[in-house]
Amino acid sequence: MNNKANDTYSLSHTTWKCQYHIVFAPKYRRKAIYGNLRADIGAILRELCERKHVKIIEAHAMPDHIHMLVEIPPNQRVSDFMGYLKGKSTMIIFERYSNLKYKYGNRHFWCRGYYVSTVGGNKNGIAKYIREQEKEDIIYDQLSIKEWEDPFKK
């Protein structure tokens with residue numbers, strides 16, 4: 001049973017609310033997630049999450065990483081789910097885009113690690129952060145541009 005008021009799920013003896021903020025990136029943080037590949041990766045990740053009964057609350061694909069806010073059932077470990085998600089999505093991506101096999105070599109599309117954080121009571125704040133992450137990155141990139149200075153010219 002799903003309780004919409006506080007986002008909890010329950011059975012006869014169990015009540016849970018397991019929400020996680022997950023960030024993972026392509027190998028070497030290559031800017032590989034754009035254009036047609038971006039839409040296709042999103043569809044692949046949605047399909048794989050549905051297979052594992054993981055609900056995507058919010059997700060956004062940046063050019064060099066992916067943010068996801070997900071609800072993972074308590075009978076699944078986050079590490080098992082991430083291994084499944086990254087492993088299967090790599091196989092599907094290389095199957096659909098066979099030219100990437102030669103570009104990335106050894107059939108590794110994603111970095112080895114990932115970031116995960118429990119959401120707690122801050123679901124709306126994290127969802128907003130994920131939605132607005134791209135705008136914040138663009139603003140930060142514009143602020144952090146520094147003119148090159150010749151160290152020998154003084």
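Only heavy atoms go into these numbers, but all of them, side chains included; no hydrogens, no water, no symmetry mates.
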Legend entry - Side chain proximity check, S89 to I41, heavy atoms < 4.5 angstrom: no

Inset, instruction - Could you state whether M82 and I44 fall into the same hydrophobic cluster, counting links through intermediate Ile, Leu, Val, Met, Phe, Trp or Tyr residues with side-chain heavy atoms under 4.5 angstrom apart? - result: yes

Legend entry - Euclidean distance, E58 CD relative to I56 CD1, rounded to 0.5 Å: 10.5 Å

Legend entry - ILVMFWY network linking L45 to V116, side-chain heavy atoms under 4.5 angstrom: yes

Legend entry - For H67, all residues meeting ring-ring contact (aromatic ring centres under 6.0 Å, His included), sequence neighbours excluded: H21, H65, Y129

Inset, instruction - Would you indicate whether the side-chain heavy atoms of S117 and Y20 approach each other to under 4.5 Å? - result: no

Inset, instruction - With rounding to the nearest 0.5 Å, note down the distance linking CD1 in I72 to CD in Q19. - result: 10.5 Å

Legend entry - Nearest heavy atoms of P74 and C18, plus distance in Å: CB-SG, 4.1 Å

Legend entry - Heavy-atom side-chain proximity of S79 to Y114 below 4.5 angstrom: yes

Legend entry - Nearest non-hydrogen partners of V70 and I22, listed with the distance: CG2-CD1, 3.7 Å

Inset, instruction - Decide whether I92 and I66 are clustered together by the hydrophobic rule: side chain heavy atoms of Ile, Leu, Val, Met, Phe, Trp, Tyr closer than 4.5 Å, transitively. - result: yes

Legend entry - Verify same cluster id: L69, Y115 (apolar side-chain graph, 4.5 Å): no

Inset, instruction - Using atom types as modelled and distance alone, determine if a side-chain donor or acceptor of K86 lies under 3.5 Å from a backbone N or O of R112. - result: yes

Legend entry - With E47 via side chain to side chain donor-acceptor pair (under 3.5 Å) - residues at least two apart: R51

Legend entry - Shared hydrophobic cluster, L37 / M68 (ILVMFWY, side-chain heavy atoms < 4.5 Å): yes

Inset, instruction - Kindly indicate whether the side chain of R96, heavy atoms from C-beta on, has any atom under 4.5 Å from the side chain of D40. - result: yes

Legend entry - Taking every non-hydrogen atom, the tightest pair across A59 and I130: C-CG2, 4.0 Å

Legend entry - Sidechain-backbone polar pair: Q76 side chain, K52 backbone, donor-acceptor under 3.5 Å: yes

